[in-house]
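Each remark here refers to the structure printed beneath this line.
Only a predicted model underlies this, so the values are computations on that prediction, with no experimental measurement involved. We name chains A, B, ... by the order of the sequence lines, and we start the count at 1 in each one. Computed over heavy atoms, backbone and side chain alike; hydrogens, waters and symmetry mates excluded.
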Protein chains: 2
Amino acid sequence: MPRVVDAEQRRRELAGAVWRVIRRDGVAGASVRSVAREAGTSMGALRHWFPTQDALLHFAMTLVSENVRARIEGVVRGGGPPAAQVLAVLEETLPLDEERRAEGEVWLALTARALVDDELAALRDRAAAELRQLCALVLDALADAGAVRDGLDTELETERLYAVLDGLALHALIRPTTLPAARVRAVLEVHLAGLRDTR
Amino acid sequence: MPRVVDAEQRRRELAGAVWRVIRRDGVAGASVRSVAREAGTSMGALRHWFPTQDALLHFAMTLVSENVRARIEGVVRGGGPPAAQVLAVLEETLPLDEERRAEGEVWLALTARALVDDELAALRDRAAAELRQLCALVLDALADAGAVRDGLDTELETERLYAVLDGLALHALIRPTTLPAARVRAVLEVHLAGLRDTR
DNA sequence: TCTTTGATAGCACAGTTGTGCTACTTTGCG
DNA sequence: CGCAAAGTAGCACAACTGTGCTATCAAAGA
């Protein structure tokens with residue numbers, strides 16, 4: 001068999017199979033056999049790259065946060081006016097298209113499993129801390145641009161923005177028809193607008 | 001064996017065992033055998049009350065929303081000043097103590113499973129619609145009490161409040177140490193205060 | 001008292017699970 | 001060419017799964 005050029009690449013391919021299986025059959029359906037079948041390979045090959053099933057799921061989880069992080073960095077690198085950029089950054093964490101929806105479903109499934117899987121919980125906590133930090137940075141940027149009124153409790157507002165963000169993500173995930181992407185964006189805009197002086 | 005006085009009561013007892021198992025070992029661990037063992041009964045007895053495992057999980061799910069609803073009705077019946085009552089009602093949906101935390105964990109686990117279980121998804125959607133309706137009622141009550149400024153988009157604010165609520169619930173669930181109950185309440189209060197005129 | 005019914009117990013079955021393990025094939029390097 | 005290593009394949013095993021099914025037990029109604 002052809003030697004894989006990049007080991008990391010191969011692992012990503014297999015993790016992609018994990019994603020597809022999880023989206024189709026849930027985490028419960030993500031057995032070693034079903035993932036191998038989805039990836040078009042064998043149990044042995046799968047075990048060569050991931051010594052255990054948990055390792056496989058953990059890697060799939062890290063890929064979620066890695067994807068989000070990469071997209072956000074892309075937006076930041078892209079530049080543009082602060083207000084628009086802030087909105088674009090936050091939107092990258094929401095399941096507003098098929099790609100991000102897939103991430104969201106995997107994220108929800110693994111977040112639930114993390115309730116009883118310590119290692120998975122550690123990954124989830126790290127991702128959560130990063131996302132919260134992102135919210136803090138967004139508020140800082142808005143404050144620098146003069147788009148935030150004085151007298152706000154920064155810590156509390158960070159927590160509130162983070163809650164809105166994850167709440168929207170969850171709702172966009174489980175009721176995509178009654179809460180379409182445009183509506184999600186509108187709620188986010190209203191929230192950010194509410195941070196500056198009203199009337 | 002003594003005949004069970006109330007069939008519904010017996011079903012609730014068994015569902016309680018489901019909760020405990022889910023909290024300890026996750027949904028994946030909630031097998032017919034483990035639930036029966038936790039309930040101190042047999043597989044046969046369990047199957048007498050729930051013909052299938054799915055039926056068992058679905059009943060456990062309905063109990064979550066039922067509990068929340070009952071507590072909310074209790075608060076409403078209790079009376080009191082509108083502002084305090086509104087806060088109390090919303091708090092009943094958040095995992096701020098052990099009882100509600102248990103509900104939250106079960107809710108998260110089953111919500112994730114609902115991604116691939118249609119019947120469970122229907123239950124989740126019904127609960128979600130109720131919760132969203134609750135947010136709408138809360139906004140109405142605040143408006144009647146003159147605690148909401150004019151010119152707000154009611155639909156959008158309902159969606160935003162609902163997002164804050166579920167976001168806080170999720171965060172209180174997965175990071176209880178960094179986001180204690182007092183802090184959750186503070187965020188909620190800030191959000192409600194932000195609905196009336198600032199300065 | 002006997003019968004019917006509610007309730008419990010748990011075996012049997014076919015299937016799936018994760019992982020240990022060995023055998024095999026393909027590739028790169030000397 | 002030949003050898004070592006990377007990668008693939010899949011069998012074997014013990015453990016566990018949900019559900020069908022029968023047998024048993026307790027109590028209520030006749």
OP1 or OP2 of [N] under 4.0 Å from side-chain N/O of [X]:
X	N	result
A:H48	D:dG7	yes
A:T41	D:dA9	yes
A:R10	D:dT8	yes
A:T52	C:dG18	no

Which whole-number value in Å describes the distance from [X] [atom1] to [N] [atom2]?
X	N	atom1	atom2	value
A:L46	C:dG20	CG	P	14 Å
B:E8	C:dA7	CD	P	13 Å
A:F50	D:dA6	CZ	C1'	16 Å
A:R37	C:dT17	CZ	C1'	12 Å
A:D6	C:dT27	CG	C1'	17 Å
B:H58	D:dG18	NE2	P	13 Å
A:D25	C:dT17	CG	C1'	15 Å

Nearest to the side chain of [X], heavy atoms from C-beta on, is which of [options]?
X	options	answer
A:W49	D:dT19, D:dG7, D:dA12	D:dG7
A:S31	C:dG18, C:dC11, D:dA9	C:dG18
B:R33	D:dT8, D:dT17, C:dG6	D:dT17

**Study point:** Comparing B:S34 and A:M43 on DNA chain D - which has the more 5′ nearest nucleotide
**Key:** A:M43
Review point. Parallel, tilted or perpendicular: which describes the rings of A:H191 and B:H191, with under 30° parallel and over 60° perpendicular?
Key: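 Correct class here is parallel.
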**Study point:** Value rounded to 0.5 Å, distance of OG1 in A:T41 from CD in A:E13
**Key:**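 Nearest 0.5 Å value for the OG1-CD distance: 10.0 Å.
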Check your understanding: To the nearest 0.5 Å, how far apart are CE in A:M61 and CG in A:D54?
Key -> 13.0 Å
Point to revise | pair B:L161-B:L90: side-chain heavy atoms closer than 4.5 Å | key: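 Yes, at least one pair of side-chain atoms sits under 4.5 Å.
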Review point. Does a side-chain N-to-carboxylate-O contact under 4.0 Å join B:E105 and B:R101?
Key: yes
Review point. Checking only heavy atoms, does the side chain of A:R47 share a donor-acceptor pair with the base of C:dG18 at less than 3.5 Å?
Key: no
